[in-house]
Amino acid sequence: TSLTLGASGDTVSLTSGAKTSGFGKIGQIQSTTLSSTVSISSSSTSNFVDISGLSVNITPTSTSSKIFIFYVVHASATGGHIRLMRDSTAISIGDAAGGNQVRSTASARPNSSVYDFDTANMAGQFLDSPSTTSQVTYKMQLTLGATYSGTAYINRTISTDNADYVPVMQSTISVMEVLD
């Protein structure tokens, strides 16, 4: 059965205490915060590596639900490319445009050649349509790329000096189910 309340453009008011469902509301929120430091070695633009501890699971309640993802990743200022993953599929990445270009979600590089005390801070959001009611894992990956091969550090600078100019941070990935 269906119930029609009002017409297009009308406002429907509910009495105090009435409850609704659906209507684009938030169904659930899951979040993971990584406050420890992680080191990642990478030597190829195709070698994205999982950022250990920066993943979150969510089980949508409907196949029509959308998942809104927020992320912030703090990396040592060698920078690099990050990408957002849904299980084993890269999402929120640019279209293929050239043979050596890296399809990534975000990228950051230092502004100078002296970057031991700087960080590359990458943040963003993406609205995904996983079309499933099975558990989905969203995670972040990183690669330095072939030009900057070596080691990147998550949540800290390259320098480990015990000084007030050397920050340590935390990175986060959060997901919200948007009900249809």
Side-chain angles (χ1 to χ4, degrees), residues 1-40 48-77 79-97 102-108 119-143 152-156 167-180:
T1 61
S2 67
L3 173 65
T4 303
L5 299 173
S8 177
D10 287 352
T11 299
V12 177
S13 299
L14 300 173
T15 60
S16 177
K19 296 187 178 189
T20 63
S21 65
F23 303 115
K25 293 191 173 196
I26 302 303
Q28 60 179 309
I29 300 173
Q30 305 294 333
S31 185
T32 298
T33 299
L34 175 65
S35 56
S36 61
T37 59
V38 175
S39 62
I40 297 175
F48 276 90
V49 177
D50 289 353
I51 301 175
S52 178
L54 204 52
S55 67
V56 63
N57 297 324
I58 190 167
T59 303
T61 58
S62 169
T63 56
S64 62
S65 290
K66 304 229 183 312
I67 306 297
F68 199 47
I69 304 119
F70 301 89
Y71 64 87
V72 60
V73 178
H74 300 286
S76 55
H81 310 287
I82 60 171
R83 70 179 178 188
L84 175 61
M85 302 291 291
R86 178 197 331 112
D87 295 326
S88 61
T89 302
I91 58 174
S92 184
I93 59 173
D95 293 338
V102 181
R103 297 181 66 200
S104 59
T105 302
S107 183
T119 58
N121 307 304
M122 298 167 273
Q125 69 274 332
F126 182 70
L127 183 63
D128 189 33
S129 301
S131 300
T132 186
T133 55
S134 298
Q135 178 178 286
V136 179
T137 299
Y138 290 96
K139 63 184 176 181
M140 302 305 301
Q141 295 184 327
L142 178 136
T143 185
Y153 302 96
I154 304 299
N155 293 336
R156 76 169 182 88
V168 290
M169 294 142 292
Q170 63 181 15
S171 297
T172 303
I173 183 169
S174 301
V175 292
M176 295 189 307
E177 180 183 16
V178 181
L179 303 172
D180 188 22

Considering only heavy atoms from C-beta outward, does the side chain of Ile69 approach that of Val56 to under 4.5 Å? no
Are the side chain of Asp50 and the backbone N or O of Gln141 linked by a donor-acceptor pair below 3.5 Å?
no
Closest non-hydrogen atoms of Ile58 and Pro60, given as atom of the first, atom of the second and distance, are O-CD, 3.6 Å
Closest non-hydrogen atoms of Asn57 and Gln30, given as atom of the first, atom of the second and distance, are O-CG, 3.4 Å
Separation between OG1 (Thr59) and CD (Gln135), nearest 0.5 Å, reads 4.5 Å
*Min side-chain heavy-atom separation Ser171-Ile154 under 4.5 Å*: yes
Minimal heavy-atom distance between Thr32 and Gly53, with the atoms involved, is CG2-O, 3.3 Å
The reported gap from CD1 in Ile82 to CD1 in Ile93 (rounded to nearest 0.5 angstrom) is 12.5 Å
One should read off an interatomic distance between Arg86 CZ and Lys139 NZ, to the nearest 0.5 angstrom, of 12.5 Å
In this structure, CD1 of Ile173 is separated from CG of Leu34 (nearest 0.5 Å) by 11.0 Å
Closest heavy-atom pair, Arg156 versus Val168, reported as atoms and distance to 0.1 Å, is CB-CG1, 4.3 Å
Do Leu179 and Ser65 have side-chain heavy atoms sitting under 4.5 Å apart?
yes
Thr172 meets the side-chain contact (heavy atoms from CB on, under 4.5 Å) criterion, sequence neighbours left out, with Ser31, Thr33, Val72, Ser174
So CD of Gln170 and CG of Leu54: to nearest 0.5 Å the spacing works out to 10.5 Å
inquiry  = With heavy-atom distances below 4.5 Å as the criterion, would you say the side chains of Ile26 and Phe68 are in contact?
reply    = no
Taking every heavy atom of Ala90 against every heavy atom of Arg83, the minimum-distance pair comes out as CB-CD, 4.0 Å
For Arg103 and Gly94, indicate whether the former's side chain and the latter's backbone hold a donor-acceptor pair under 3.5 Å. yes
For the residue pair Thr37 / Asn155, report whether a side-chain donor-acceptor contact shorter than 3.5 Å exists. no
ask   = Do Val49 and Leu142 come close enough that some side-chain heavy atom pair is under 4.5 Å?
value = no
| message | Taking the side chain as everything from C-beta on, heavy atoms only, tell me whether Val136 gets closer than 4.5 Å to Ile67. | response | no
> Is a side-chain N or O of Ser92 found less than 3.5 angstrom from the main chain of Thr105, in a donor-acceptor match?
Replying inline: no
Output for pair (His81 NE2, Met122 CE), nearest 0.5 Å, gives 9.5 Å
